[in-house]
Protein chains: 2
Amino acid sequence: MKARSQHQDEQHLTEQLGATGLRLTPQRQQVYDVLRQKRDHPTAEEVFIRAKKQMPEISHATVYNCLDALVKSGLARQVTVDRGATRFCPNMVEHGHFYCDSCETVYDVELPTELTGVVLPEGFQAGRYEIAIHGTCAECAKKK
Amino acid sequence: MKARSQHQDEQHLTEQLGATGLRLTPQRQQVYDVLRQKRDHPTAEEVFIRAKKQMPEISHATVYNCLDALVKSGLARQVTVDRGATRFCPNMVEHGHFYCDSCETVYDVELPTELTGVVLPEGFQAGRYEIAIHGTCAECAKKK
DNA sequence: GATTATTTTAGAATTATTCTAAATCTTGAC
DNA sequence: GTCAAGATTTAGAATAATTCTAAAATAATC
């Protein structure tokens, strides 16, 4: 994990958002920081709760707005592994997600193989790939 | 696509549900039929609307219950490609999903390559893999 | 045929997300 | 600097998606 200085970080955010026609605001910065501080794939609601600690006036709608802005600008990924709330992930390095069906925790997993050879129908344009592996995590496997 | 006779179909459902400790009920049959009749990855709400045509007394909660039963018994798959309602798919042959970010349609896609080589952390047990490809479908690509 | 377990039902309740309209902030033009 | 235009935030309402509840219906077991 490359550490970025506060300044580099801010510049990175400004650039990425700017390229999408969006501004860097204190709220967006805050939401991004929350995602980076604890990479446990929180839901929007969880991000809201955490962001509120530093910025008590932040509103629900703003958190959704900020998360959308970050996703649109390529600063975060939306993770939808199950019914229920969407989760968010600031790890933009190519990776997949392991979802424990038992404790519902999401883990990042490396994807050593490129997913080549998927033949799409004529005219379809692929953007990103989302790989989710469902199963049981080590903790939960032990308990059984 | 192998066609199954009415009888084989019913027997298949009974077996699969039975193995999970569940019964085949008229409602579960109906919901399954809806999924098979039009394989467009409907949401629970859409399944409800379609099921109602044949079985007007069926309730909302029952559709959710039936869909859960089918998923648990390996008769259908849950497809979660985006925020918003979960979709359902009765195609149990290994395949991935293409999601058009523009028109929000889901397409089944073949997966010629086995997704081998994903190294999970010690003790993690993989169940199924879910591969989703986001992008633009042929129709939507033309419009731009 | 009574008992028990499963399933369905309608509707309420909960959760997740989006919308709305007003207030605030930024930015660029003058 | 000041103003207008546009972007963003806010609180709260509205909507959408899903789950829960308790009673009634159905089916399986003894």
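Every chain is numbered from 1 and lettered A, B, ... according to where its sequence line falls, protein lines coming before strand lines.
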Mind checking if E45(B) touches a base, just sugar-phosphate, or nothing, with heavy atoms under 4.0 Å? nothing
Could you check G21(B) against R83(B) and say which one's nearest nucleotide on DNA chain C is further toward the 5' end? G21(B)
In whole angstrom, give the distance that lies between atom CG of L22(A) and atom P of dA7(D). 10 Å
For the pair made of CD1 in I49(B) and P in dA16(D), what is the distance, rounded to whole Å? 12 Å
Report, as yes or no, whether the 6.0 Å neighbourhood of atom CD on E45(B) holds more than 12 heavy atoms from other residues, nucleotides or ligands. yes
Does dT18(D) have its OP1 or OP2 closer than 4.0 Å to a side-chain nitrogen or oxygen of Y64(B)? yes
Measure from the side chain of R23(B), starting at C-beta and using heavy atoms only, and say which of dT18(D), dT10(D), dA28(D) lies closest. dA28(D)
For the pair H134(B) and Y99(B), name the ring-plane relationship: parallel under 30°, tilted 30 to 60°, perpendicular over 60°. perpendicular
Can you confirm whether the side chains of Y32(A) and R36(A) place a donor and an acceptor under 3.5 Å from each other? yes
Which part of the nucleic acid does T43(A) contact within heavy-atom distance under 4.0 Å: base, sugar-phosphate only, or nothing? nothing
In this structure, how many angstroms lie between the P atom of dT8(D) and the CD atom of Q30(A), rounded? 18 Å
Footprint ends on DNA chain C, 5' to 3', for atoms under 4.0 angstrom from a heavy atom of chain B, come out as dT6(C) to dT18(C)
Have a look at A85(A) and say if it touches a base, only the backbone sugar-phosphate, or nothing, with a 4.0 Å heavy-atom cut-off. sugar-phosphate
Calculate the interatomic distance between M55(B) atom CE and dT26(D) atom C1'; express it in whole Å. 13 Å
From NE2 of H60(B) across to P of dT19(D) the rounded distance in Å is 11 Å
Does the plane of the ring in H97(A) sit parallel, tilted or perpendicular to the ring in H95(A)? Use 30° and 60° as the thresholds. perpendicular
OP1 or OP2 of dT26(D) versus the side-chain N and O atoms of Q27(B): is any pair under 4.0 Å? no
So how far off straight is the helix from dG1(C)-dC30(D) to dC30(C)-dG1(D), going by the axes through five pairs at either end, to 10°? 30°
Which nucleotide, dT10(D), dA17(D), dT8(D), lies nearest any side-chain atom of T25(A)? dT8(D)
Quick check for you: to the nearest 0.5 Å, what is the distance between R50(A) atom CZ and D40(A) atom CG? 4.0 Å
Only one of L70(B), L17(B), N65(B) forms a side-chain contact (heavy atoms from CB on, under 4.5 Å) with L22(B), so which one is it? L17(B)
Here the distance between atom C1' of dT18(D) and atom CZ of F48(B), to the nearest Å, is 13 Å
On DNA chain C, check which nucleotide each of V63(B) and A44(A) is closest to and give me the residue with the more 5' one. V63(B)
Quickly work out the I58(A) CD1 to dT8(D) P distance and round it to whole Å. 14 Å
Could you state the CG-P distance from L24(B) to dA27(D), rounded to the nearest angstrom? 11 Å
D68(B) bridged to R83(A) by N-O distance under 4.0 Å: yes
Looking at K52(B) and E57(B), is any side-chain nitrogen of the basic one under 4.0 Å from a carboxylate oxygen of the acidic one? no
Ring-ring centroid check Y107(B) F124(A), cutoff 6.0 Å: yes
Using side chain to side chain contact (heavy atoms under 4.5 Å, CB included), reason through R128(A) and D101(B) one step at a time and then give a plain yes or no. CA-CA 11 Å; R128(A) 67 187 194 287; D101(B) 289 319; 3.9 Å; yes
